[in-house]
Amino acid sequence: MNGELIVFFILALVAIGSGILMLNLTKVVHMVIALVFTFLSIAGLYVMLSAEFLAFVQILIYSGAITIIMLFGIMLTRHSDRTESKIGVPRTVLVLGGIVAFFLVMFFQINDLSFGEQATVLHVDNTEKIGVELYSKFVIPFELTSVLLLVALVGAIVLAKRDDEEEAKDNE
Amino acid sequence: MNPLIWIIPVLPLLSFVLLLLFGRRLKEASAHVGALLTLGSLVLSIVVLLNQWGGEPVKETLSWLTFGETTLSAGYLVNPLNALMLVIVSLVSFLVQVYSGGYMHDDDRFPIFFAYLGLFTFAMLGLVLSPNLLQLYVFWELVGVGSFLLIGYYFYKREARSAAKKAFIMTRIGDVGLFIGMILLFWQVGSFEFDEIFAAVEAGEISEGWITLTAILIFVGAIGKSGQFPLHTWLPDAMEGPTPVSALIHAATMVAAGVYLVAAMFPLFQASEAALTTVAVVGGFTAIFAATIGLAQADIKRVLAYSTVSQLGYMMLALGSSGYVAGVFHLTTHAFFKALLFLAAGSVIHAVHTQNIHEMGGLWKKMKWTAPLFLIGAMAISGVPGLSGFFSKDEILAATYADGRFGLFWIAVIAAFLTAFYMFRLFFLVFTGESRGIQEKVKESPVSMTFPMIVLGILALIGGLINTPFATYLSDFLAQNEALEIHHHETRWWIPVVATGVSLLGILMAWLVYVKKKVTRFSESAPDLHYILLNKYFIDETYDYSFVKGTRALSYFWYYIDRFVVEGLVGLVTGIVGWFSKIGSRFQNGQVQLYSSVAFAGMAILLLVVAWIGGYLT
Amino acid sequence: MTLDKLLSFDWGMMAPEFSIVITAILLSLIDLFMPNKVSRKPLALLGLAGIIVAIVFAVLQVGDPVGSILFDTYRFDSFALAFKLLFLVATAMIFLLALDFEGESKWAYRGEFYYLLMTALLGAMMMASSADLITLFVGLELLSISSYILAGIRKRNFHSNEAAFKYVVNGGIATAITLFGMSYIYGLTGQTNLYAISEMLVDPRVQENSFLVIMAFVMMFVGLSFKISAAPFHMWAPDVYQGSPTPVTTFLSVVSKMAGFTLILRLFFVIFLGTQGWHNQILLDAQPFIAFVAGATMVIGNVVALRQRNIKRMFAYSSIAHAGYVLVPFVSLSLIVFKTTWFYLLAYLLMNIGAFAVIQFVTSREKSEDFTAFSGLNKRAPLTAFMMAIFIISLAGLPFTAGFIGKFGIFMSSLGTGHYILASVMIATTVVSYVYYFNVMVQIYFRKGAGNRIRPTAGLAVVMVICTIGTLLFGIYPSLALDFFQSGFDINDLFTPSE
Amino acid sequence: MESILLSALVFSPLVGILVLAFMPNTEERLLKTVGLLATLLPLAFAIITYVGFTPGNVNIQFVEQYRWIDFQIKGLPNGGDFTINYDLGVNGLTVVLLLLTAIVSTLAAAASVWIKEHWKGYFMLFLLLEIGMLGVFASQNLLLFFIFFEITLIPTFFLIGKWGYIDKEKAAYSFLVYNGLGSAILLIVFIILYMKTGTMNYTGLSSFLHQPPEVLEQMYIGDEFRFGLLIALLVALGVKLPIVPLHTWMLKVHVQAPPSIVMIHSGILLKIGAYGVYQFGIGFFPEEFRQIAFWIALLGVINLLYGAFIAFVQVDFKRVLAYSSVSHMGIVLIGLASLNGAGMQGAMFQVVSHGLISALLFFLVGLIYERTGTSLITHLGGMAKVMPITAGFLLVGGLASLGLPGMSGFVSEFMAFLGLFKEMPVLAAVGTLGIILTAVYILRAVLGMTFGETKESLLQLKEPRFVEWLPALILTALIVLIGVYPAVLSDILQLTINAMMAGKGAVV
Amino acid sequence: MSSVPLSVYLVLALILFCIGLFGALTKRNAVIVLISIELMLNAVNINLVAFAKYGINPGITGQIFSLFTITVAAAEAAVGLAILIALYRNRKTVNVDEMDIMKH
């Protein structure tokens with residue numbers, strides 16, 4: 001067992017553990033915090049997978065931006081901090097059954113999946129490569145993404161913005 | 001001459017159409033129109049008959065319908081038998097129309113009545129002229145319709161309605177037999193034409209079994225039309241119609257069509273012993289069976305009706321015993337005297353406004369014309385020597401005896417005795433003794449009514465002379481038809497004697513019972529038997545409980561199957577769809593996570609199944 | 001890659017997309033600088049103009065050869081063009097609907113509505129016009145996210161909020177599932193270009209793991225089934241359709257759904273048929289499952305619609321059912337698929353937009369979405385009632401309407417390849433559909449309704465009339481469309497990898 | 001060769017529709033007059049077609065063929081040529097049916113005087129229905145047939161559902177669902193045939209289907225498959241015909257629909273089923289049809305008896321007639337199943353004859369209902385006293401219906417049985433029971449209504465005026481004409497039927 | 001040759017995907033539901049990145065794909081939250097099971 005594997009297991013354990021923790025915690029804020037750990041460990045895994053730039057982005061966006069806006073969301077909606085699941089047993093069974101089945105089916109397939117190669121060159125100039133690819137080969141989706149972000153921006157503003165008094169009356 | 005033949009049936013048809021369209025305006029004149037046109041037919045018929053004397057059969061056909069490679073034709077055929085029938089039909093029809101002019105005088109649907117008579121006469125003449133079975137069947141049914149319409153003439157009477165319905169349906173049961181027989185015969189022969197059928201029979205193209213089957217089926221048609229047992233019950237009920245109708249249709253013409261049919265198809269019957277036996281047995285049985293019922297009936301027309309049934313049985317017996325001439329001869333004489341009897345009965349009813357013979361009596365003096373004419377009729381039917389019935393009945397007995405069926409012969413003799421008895425029972429009860437009902441002003445009927453009776457009376461008196469043992473005009477005439485092989489049987493000397501004996505015995509018995517009252521009445525001496533006879537052996541009731549109720553029960557059974565099983569299944573399907581719809585929309589409970597859960601579960605199942613089928617789950 | 005290289009591509013082939021993008025940006029800018037209280041109606045007209053320009057560009061492109069920019073991240077071929085035309089026409093009509101909707105409620109004074117519609121359209125067009133997983137995915141998300149916002153844009157309306165939220169949750173999960181599938185496809189082939197993927201599929205290393213490929217296939221299919229609301233992935237649709245503003249509902253049920261179909265067609269046919277032809281084992285294995293999904297969709301859509309009283313909900317189920325019909329030719333896997341699907345979608349576009357135009361008209365005037373709002377419509381608006389009858393007849397698939405020919409084509413494709421059971425299910429459910437479609441007819445023609453004569457605004461009227469004419473025209477003489485498709489589009493383009 | 005006569009015939013009611021569309025919907029008399037006049041146009045064209053038809057010529061006449069729909073697909077068997085033509089034409093049978101349709105439509109339009117409201121919509125739908133019916137018979141290809149077939153569905157739904165009696169909507173839905181299902185199955189069969197053969201033209205199809213396997217090789221359709229198609233066809237058309245147990249919808253329609261529509265429905269629409277069985281069932285699959293002929297005949301006999309039995313205990317005259325239709329359609333099946341000249345011609349005669357007879361009877365029902373507000377037999381006793389002419393027509397209709405010689409019903413019944421007796425005598429003998437039963441139930445119903453003591457409620461009634469029973473007179477005249485001189489039909493039908501059978505290996 | 005095989009990464013991603021899915025399908029709080037969806041998308045990213053390194057044709061494309069995924073996920077989260085806020089403003093609830101005014 002080499003060090004890499006150990007690191008991997010630690011990260012994986014943290015990711016899964018926090019994930020499960022998220023499922024079992026009752027306080028919403030705690031859940032979010034738990035999830036931050038998952039995101040962070042995933043970033044760690046990215047590093048192991050020779051994707052430093054991605055790891056960086058992961059931390060920035062997930063552990064940072066998304067978690068923060070979620071927290072804002074929690075704050076803004078000022079609901080009771082605690083939440084417990086009230087779904088019925090049949091549905092839990094349905095969901096769990098489905099997930100277990102899905103997991104097992106997939107697990108048996110990927111369990112021994114291996115192609116035995118790796119891109120050794122990935123580490124070298126990782127960020128630059130990404131940049132080059134992004135601005136040459138993938139320029140069209142990239143630009144499309146910009147439109148998408150614009151849409152999300154506008155949409156978020158439109159929807160979340162508090163209305164004028166006048167408009168407030170316009171409820172059905 | 002030939003071109004005129006088709007006019008014979010057309011004239012009454014014309015009368016039907018004219019009266020239907022313009023009857024309301026013609027009113028009284030309707031009777032004249034009807035009678036005159038029928039007279040035209042009569043005259044033409046007589047011409048045709050005379051032409052046939054020694055002439056060749058005439059046949060003309062046109063193509064009527066084609067299918068596949070086959071062409072069916074329609075047309076007319078005149079041979080001796082047809083010619084004779086033409087005259088009988090048009091004569092009786094003409095006389096009845098004249099009679100009806102007086103009898104139906106007060107009726108407000110006078111023109112319609114004559115229109116119906118015209119329709120009937122047309123159909124009957126058409127039937128007689130048919131050169132093939134199909135056309136015969138067509139007119140056969142039309143005759144039935146004419147009969148049906150006339151029975152139901154008093155449509156507002158409940159009894160008339162059911163009698164009309166009964167007549168139609170009972171005869172239709174017989175008709176189906178004819179229908180099947182005719183079709184089967186067609187597929188054997190390839191044609192409906194009489195001559196071709198006979199030729200095929202002659203040539204032995206049809207097997208014995210087929211001949212027997214088809215002949216019997218055709219005879220079933222005759223059973224229905226001629227009121228033979230077991231389809232006889234409609235005929236007495238048909239007396240609900242006006243009396244002239246009974247005289248025309250239910251005595252002289254239509255009911256005789258069954259006999260005519262057997263006679264016309266005689267070569268076919270001749271080819272099968274079994275068929276002949278059937279005819280003879282049914283006829284013989286009907287003759288005595290109906291005669292016994294006739295003994296107990298109280299309604300003057302019903303007595304005559306059962307008498308008709310019985311006499312028709314006689315004719316069938318004659319035909320079944322290969323007595324072709326005897327059958328046709330009796331048909332002819334019967335037409336005269338039975339029409340006479342009915343018309344006379346009508347005259348009585350017209351006068352006393354009742355049909356119950358127990359309410360009549362003592363009419364001899366009041367109805368100077370009717371009573372003697374009735375007597376002539378009664379004597380004729382009873383077989384008093386010298387009158388028409390004597391000769392024809394004698395012929396039948398001779399034929400039956402000659403055929404070797406002695407049982408049937410004795411049955412016929414007994415029936416002859418019964419006939420004489422019930423006819424004179426009728427005569428004595430109606431015309432002799434004292435009046436038993438309210439008969440204040442009984443008047444003799446007008447000339448328009450007596451005239452036809454007189455004509456028929458004369459014919460009943462002398463009609464028998466056309467075929468006496470000494471002068472066999474009819475026999476010779478009919479023998480012109482080459483398809484037939486007519487047996488000439490020697491008349492045994494004792495047969496007329498026996499016949500005369502039994503008929504006189506019958507009259508004597510009646511005189512003893514009803515005039516002298518020496519012998520106790522039947523109703524008192526054997527009340528149980530009388531009760532059974534009065535109720536016609538309960539055959540109507542039996543039919544009612546078996547066939548009518550059975551059909552009704554079956555109908556309801558199918559109806560409920562239809563209502564509950566068939567529609568129920570449909571309801572079940574719609575119910576399932578509806579239930580599914582309900583479940584489906586219940587599931588849609590607004591919970592977004594449920595939606596996703598269902599979707600995900602669906603995906604998981606899909607994956608599992610793919611894996612399972614694909615064999616990847618090992 | 002140098003700028004020269006970049007510029008060497010024939011960017012002209014993207015002209016329709018460019019017009020849409022530019023219009024969207026223009027709209028947003030104008031909206032930004034417009035005074036608050038001014039009506040945004042002109043924006044709609046501008047948007048409409050932009051779409052018409054795009055349509056013109058697109059029509060001019062008919063018959064052009066296959067083209068590709070940057071390794072197929074954008075790809076021009078007949079297939080793309082044929083479907084893009086449908087999206088454009090549909091959206092143009094939806095703009096007209098939106099124009100009318102504005103007058104009814106103040107929310108619509110905002111310009112966002114229009115440019116979000118534009119971006120959604122752009123997403124749909126990119127879904128049609130790319131052969132690269134990444135671009136396709138981004139296009140899909142552009143469409144989705146724009147739709148989420150559009151669904152919730154009446155933000156003071158409870159129904160609208162709820163619809164949007166349900167849409168987001170379901171859409172998000174669907175996206176995740178699709179992506180999960182895509183990640184495996186990428187992983188197993190190492191490619192994102194569809195043609196390259198297709199070539200890789202014959203690689204023995206991929207063959208070894210063919211089951212994973214199927215899994216990935218199923219997952220992508222499931223994810224996209226959300227988009228086309230095929231059962232059992234359809235359950236969001238009734239709620240979202242009911243809660244969204246009617247023009248958005250129309251957009252979702254027409255454009256968004258058509259885009260989903262386009263993506264499915266391209267994704268699966270290029271990947272699986274491109275190199276291996278029609279007898280690809282994976283696709284054959286998957287056939288029964290698509291068939292099952294199609295059958296379930298038809299059954300559930302039609303059967304549950306029977307109980308609906310809310311007219312929009314009823315038409316939501318109806319459009320679910322139609323998704324089922326369109327899936328039928330997918331199962332048959334023959335070249336006729338494109339033609340029949342395209343024609344059916346064209347018919348569906350016309351009749352569904354027409355029906356929704358009438359629904360918008362009636363529900364907004366009656367202030368009720370119950371289907372009794374239609375009662376006595378033939379007295380109040382006889383012509384509209386008649387047109388609605390045409391749309392309904394077409395939706396029900398009865399003759400002399402485009403819907404019939406569409407269904408006929410579907411039957412041809414399924415029966416020609418021996419899918420008798422599926423065709424029977426389709427037939428049976430079609431008959432069930434008669435009941436609820438004719439329920440609306442009964443309301444319109446048999447019931448007595450209160451109220452005065454009402455007349456549609458110009459925009460609505462134009463949409464209705466166009467749809468009616470189209471429905472009848474393509475029903476009576478379908479060759480107009482079929483020949484256009486036949487001569488203008490060589491669908492084998494789809495399978496021609498760019499150099 | 002290019003004549004537009006048939007197109008003109010089929011689409012001539014459009015003229016009426018267009019005229020009506022621009023008329024105010026309040027002018028009752030005017031609308032009714034225009035509606036009636038509009039049906040005269042197709043009638044005129046139908047007569048022209050009938051007269052112009054050459055009976056001696058076996059070929060399809062007045063052919064019109066234009067390219068219409070093209071599902072061209074490259075790379076498929078058949079060379080991907082999936083062209084569907086607009087394809088009209090008539091043969092001896094359809095020319096008769098077209099004329100029948102036009103006549104019954106005109107008379108039904110005359111019977112529409114009893115429609116109480118919304119005359120404009122009524123007549124527009126009515127004319128649309130007529131287009132559908134005419135089209136069905138004039139089509140020479142499956143798609144066109146199907147389209148026109150479905151076209152009849154929509155107006156009928158409305159005509160029943162809006163202008164019918166109390167339970168009209170249920171009846172309309174019942175009609176829609178059953179017939180929808182039937183036509184849907186029909187569509188499946190048609191498309192399968194199309195995909196297998198690449199043509200939809202009747203002639204083309206039958207010549208394709210009759211080629212032996214050696215010639216067609218892979219294109220040959222297997223025998224079991226043919227059976228499947230034939231049975232599907234029979235089910236589909238059996239709904240329309242209707243064959244027990246697919247008949248329940250028809251009862252509702254007959255009872256609930258307005259009389260004029262029932263005239264059309266019973267007179268023409270049901271006949272499409274019979275025509276379809278003849279044209280497709282026998283035309284395309286004669287060999288298979290022959291093999292199941294016994295079962296079809298059995299079904300026919302079941303229909304015949306089942307309908308007759310149930311009709312016997314109905315209290316509503318309309319229901320009697322409805323079940324009577326079930327029964328009479330049994331005769332069609334019997335005739336077709338016998339597969340010989342007599343039987344087939346009998347079946348086709350029955351199609352025409354029943355069309356006229358049921359139109360007559362339902363016309364009278366309308367006439368009576370209009371005056372008395374009822375069609376219950378027990379409520380109408382003794383009607384003959386107050387309305388002798390109506391009662392007379394009723395009696396005539398009843399007698400015609402029970403197959404009285406001299407009227408059309410007999411000829412068809414006779415020939416159908418004649419045909420069946422040749423092939424299956426025992427079954428035919430059982431079937432003849434139906435002849436008796438028909439008499440039983442018809443007389444029970446008709447006499448129950450006309451004969452007997454007159455009900456008090458009826459005493460004030462007046463006889464209808466001449467114009468009102470003129471349609472009845474015309475129908476009666478036609479019924480009698482065919483009954484007395486069947487050659488008017490047989491001359492024109494016979495060659496077509498012979499050709500059909502001769503070409504298809506059936507025994508003449 | 002790395003000692004951490006590809007399959008382990010994939011299994012990890014699968015587990016995370018399942019956790020996210022379970023959360024999205026069962027959690028009552030709408031925010032958590034949205035976050036769970038983010039977790040699912042993260043799992044996808046792990047797959048993509050792992051394949052980018054150990055896949056059949058290793059290369060940078062996987063990483064780029066995951067970049068797009070991340071962006072889209074962020075946008076989706078933002079829009080989702082905005083919708084939730086709009087909804088909360090009206091209904092004063094973030095409980096998913098209370099959002100059922102449209103049903104059946």
Side-chain angles (χ1 to χ4, degrees), chain C residues 133-135 137-138 140-142 144-146 148-149 151-153 155-169 171-173 175-184 186-193 196 200 203 205-206 209 238-243 304 307-310 313, chain E residues 6 10 13-14 17 20-21 24-25 30 33-34 36-52 54-59 61-62 64-69 71-73 75-91 96 99-104:
Chain C
L133 277 184
I134 295 177
T135 322
F137 168 69
V138 177
L140 173 68
E141 281 307 299
L142 182 56
S144 300
I145 290 178
S146 307
Y148 302 155
I149 303 167
I153 203 155
K155 58 180 174 171
R156 305 296 304 182
N157 182 302
F158 289 9
H159 287 94
S160 191
N161 297 148
E162 195 176 308
F165 186 74
K166 284 176 174 171
Y167 200 12
V168 164
V169 171
I173 294 175
T175 305
I177 293 175
T178 317
L179 267 177
F180 204 57
M182 282 183 179
S183 72
Y184 279 105
Y186 164 71
L188 291 171
T189 61
Q191 304 290 345
T192 56
N193 184 296
M200 280 302 290
D203 190 297
R205 288 173 300 176
V206 181
N209 293 296
D239 291 10
V240 173
Y241 283 19
Q242 185 190 342
V304 180
R307 283 179 66 85
Q308 303 307 317
R309 291 187 60 85
N310 182 299
R313 240 179 135 71
Chain E
L6 170 66
L10 296 183
L14 182 62
F17 188 83
L21 190 61
L25 296 184
V33 171
L34 292 176
S36 299
I37 293 172
E38 296 306 313
L39 187 56
M40 289 165 78
L41 293 174
N42 257 289
V44 173
N45 286 344
I46 297 178
N47 263 356
L48 288 172
V49 178
F51 277 128
Y54 298 115
I56 211 159
N57 184 11
T61 317
I64 290 178
F65 200 161
S66 59
L67 261 179
F68 281 107
T69 313
T71 323
V72 165
E76 203 172 274
V79 169
L81 202 67
I83 289 171
L84 182 64
I85 285 170
L87 189 135
Y88 176 79
R89 210 174 267 148
N90 288 334
R91 300 276 294 275
V96 180
M99 299 171 194
D100 62 350
I101 56 173
M102 289 182 297
K103 55 186 163 190
H104 303 314

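Chain letters run A, B, ... following the sequence lines, proteins first, then strands; residues in each count from 1. In this text the structure is predicted, and so the values were computed from the model without any measurement.
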Heavy-atom cut-off 4.5 Å, strictly under: side chain, backbone, both or neither for E/V79 against chain C? side chain
Considering only heavy atoms, which portion of C/L188 lies under 4.5 Å from any heavy atom of chain E: side chain, backbone, both, or neither? backbone
Looking only at E/V96, E/L34, E/T69, most heavy-atom pairs under 4.5 Å shared with chain C are made by E/T69
Under 4.5 Å to a heavy atom of chain E? For C/R307 that would be neither
Give, as side chain, backbone, both or neither, the part of C/I177 having an atom under 4.5 angstrom from any heavy atom of chain E. both
C/F180 ring center within less than 6.0 Å of E/F17 ring center: yes
Which atoms of E/A30 are under 4.5 Å from chain C, going by heavy atoms: the side chain, the backbone, both sets, or neither? both
When you compare the side chain of E/M102 with that of C/F158, does any pair of heavy atoms fall below 4.5 Å? no
From CG (E/D100) to CG (C/D239), nearest 0.5 Å: 9.0 Å
If we define contacts as heavy-atom pairs under 4.5 Å, which of E/A82, E/G62, E/G80 has the most with chain C? E/G62
Tell me, side chain or backbone of C/E141 under 4.5 Å from chain E's heavy atoms, or both, or neither? side chain
Inter-residue atom distance C/T189.OG1 - E/I56.CD1, 0.5 Å rounding: 7.5 Å
Taken to the nearest 0.5 Å, the spacing of E/N90 CG from C/R156 CZ works out to 5.0 Å
Quick check on C/A151 against chain E: is it the side chain, the backbone, both or neither that has a heavy atom closer than 4.5 Å? neither
Can you name the nearest heavy-atom pair linking E/R91 to C/E162, along with the distance? NH1-OE1, 3.1 Å
Of the listed residues (C/G243, C/G172, C/S144), which shares the most heavy-atom pairs with chain E below a 4.5 Å separation? C/G172
Among C/L179, C/L142, C/V168, the residue with the most heavy-atom pairs under 4.5 Å to chain E is C/L179
Under a 4.5 Å heavy-atom cutoff, which of E/V33, E/L41, E/T61 has the most pairs with chain C? E/T61
Which bit of C/Y184 comes within less than 4.5 Å of chain E, counting heavy atoms only: side chain, backbone, both or neither? both
Side chains of E/I83 and C/N161 in contact at under 4.5 Å (non-hydrogen atoms): no
I need the E/N47 CG to C/M182 CE distance, nearest 0.5 Å. 13.5 Å
Under 4.5 Å from a heavy atom of chain C, the part of E/L14 involved: both
For E/A24 and C/I173, which heavy atoms make the closest approach, and how far apart are they? CB-CD1, 4.0 Å
